[in-house]
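Whatever order the structure lists them in is the order used to number ligands and atoms, beginning at 1.
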Amino acid sequence: MKSDSALQELAFQALDAFQIEIPSWGFANTGTRFGKFLQPAAASTLEEKFSDAGQVNKLTGVTPTLAMHVLWDLPKGIADAETVRELENKYGVTSGSINPNLFQDQEFKFGSLCNPSSEIRERAVAHMLDSVLIARKLGSRDVSLWLPDGSNYPGTQSIRKRIEWLEEALQRTHEQLGPNQRLLVEYKPFEPAFYHTDIADWGMAAHLAAKAGPKARVLVDTGHHYAAQNIEQIVAWLLHTDMLGGFHFNDRRYADDDLTLGSIDPYQIFRIFHEIQLSGRGALRQIAFMIDQSHNLKGKMEAMVQTVATGQELWLKAAMVDREQLEHLQNRCELVAAEELFRGAFWQDVRPLLKEWRRARGLPEDPLAALAESGYVQRITSERGGKLAAVTSYA
Ligand code: LRH
Ligand code: MN
């Protein structure tokens, strides 16, 4: 049994290593195809998104970067870089991953990088290359690609040709990357395409990343799996093959529901964090932790702060696993003892340790309570409420 001081030291080490990136679109009014419930406090400008991210970082201390979607946040492209610099200095968070938008232009109806028209593919590749240049200008390490490309009916598209076009497009994108930059390839089994999706699973993403070049890795969005899939096993394989580049964390009951982390299956995230922690601190630097959620009903600031706190709790629970003893029991196939040890860490209430760490780091013990006390949401509600009607785009 570890002493209290040894336990605290282990906990503090684990929590000091945990950081998670915030998505700008998590603060904006988002919805489903059946509609959008508008929130007066929602962010609709890049400054408001930086302000909200700055507030979350002030309350939690672990969200220093903001992920941006090019067409949603940087409509002027690289010309927006100066504005971003000012916002970074004003709100104390820096530019995180840069996400190209290849899913809203009318001409991408039959695909973007995989479109049968070489002119349309060329314009899609141009957007990828622009996204890389924007990332270089902002000093962002990761260009994070999610591609909606696919088809809705058998026989209507050549799956093989589309693979070749994709390989070529990602190789050209990889060539444009700067020395410390990476290309993250996100997979998704379906939606918006409902017959085939060109990057549908981890194997396809890993092949495309490996073919693109040494700076490409796979991004695992926890919501992009069939319910029966064992996500932590996919993570173990990507770690084993050194192809894991990062995560989009969220939760789901059915499909890509984009619900808040740990709201449906917290044990799932615990099992993923365990696989990552088995790979040690070194690997952690290569793995980008990002949130990718759309807060359609919960207050967006509350949902974001709750998500970060839940991530810290599940990360700390995974750090509580006595990995040496677990390996011993696994080797001896002592199933019940191994499960009791593993699950026992998950049952542990780590919130007192988390409060100690926050106190020691000069952070509010309870960031959600601190958010409520700050009056921040009330302030932005009155500042932004009047603009509600103006909201047009998806996010
Ligand atoms: C696609 C996705 C992708 C983002 C988008 C907001 O489902 O997960 O990562 O671009 O959500
Ligand atoms: Mn995602």
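- D242 is linked by a salt bridge (charged side-chain N to carboxylate O under 4.0 Å, His left out) to R217, counting only residues two or more places apart in sequence or in another chain.
- When you scan the N, O or S atoms of E186 for the one nearest the Mn ion (ligand 2), you land on OE2.
- For D221, the N, O or S atom closest to the Mn ion (ligand 2) goes by the atom name OD2.
- Proximity of D258 to ligand 1, defined as any heavy-atom pair under 4.0 Å, is not found for any part of the residue.
- Those atoms of ligand 1 with a heavy atom of H69 less than 4.0 angstrom away are 4 (C), 10 (O).
- Distances shorter than 4.0 angstrom occur between a heavy atom of D256 and an atom of ligand 1.
- Closest to the Mn ion (ligand 2) among the N, O or S atoms of H248 is ND1.
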Audit row: Y91, D52, side-chain hydrogen bond (donor to acceptor under 3.5 Å, both in side chains) steps and yes/no: CA-CA 9 Å; Y91 295 104; D52 294 354; over 6 Å; no
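- The aromatic rings of F270 and Y267 lie parallel to each other, their planes meeting at an angle below 30°, with 60° marking the opposite boundary.
- Close N/O approach between N99 and ligand 1 is not found [any backbone or side-chain N/O within under 3.5 Å].
- No other N/O/S atom of D292 lies as close to the Mn ion (ligand 2) as OD2 does.
- Classification of E365 and R359 as a salt-bridged pair holds, one side-chain N sitting under 4.0 Å from a carboxylate O.
- Against a heavy-atom cut-off of under 4.0 Å, H248 is close to the following atoms of ligand 1: 9 (O).
- Backbone and side-chain nitrogen or oxygen atoms of W146 are examined, and none is located within less than 3.5 angstrom of a nitrogen or oxygen of ligand 1.
- Side chains of D221 and D256 form a contact here, defined as non-hydrogen atoms less than 4.5 Å apart.
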What pairs of donor and acceptor atoms, side-chain ones from residues 57-65 against any protein atom, are under 3.5 angstrom apart with sequence neighbours left out?
residue	atom	partner	partner atom	Å
N57	OD1	T63	N	2.9
N57	OD1	T63	OG1	3.4
T60	OG1	V56	O	2.9
T60	OG1	V62	N	3.4
T63	OG1	N57	N	3.2
T65	OG1	E21	OE1	2.8

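- Taking the six-membered ring for Trp and thresholds of 30 and 60 degrees, W146 and F103 have ring planes inclined between 30 and 60 degrees apart.
- Rounding to the nearest 0.5 Å gives a distance of 4.0 Å between NZ of K188 and NE2 of H224.
- In this structure, E191 has no heavy atom closer than 4.0 Å to ligand 1.
- Ring geometry, F247 versus F249: the interplanar angle falls under 30°, so the pair is classed parallel (tilted spans 30 to 60°).
- Close N/O approach between W72 and ligand 1 is not found [any backbone or side-chain N/O within under 3.5 Å].
- Within the listing of ligand 1, atoms 8 (O) sit less than 4.0 angstrom from a heavy atom of D221.
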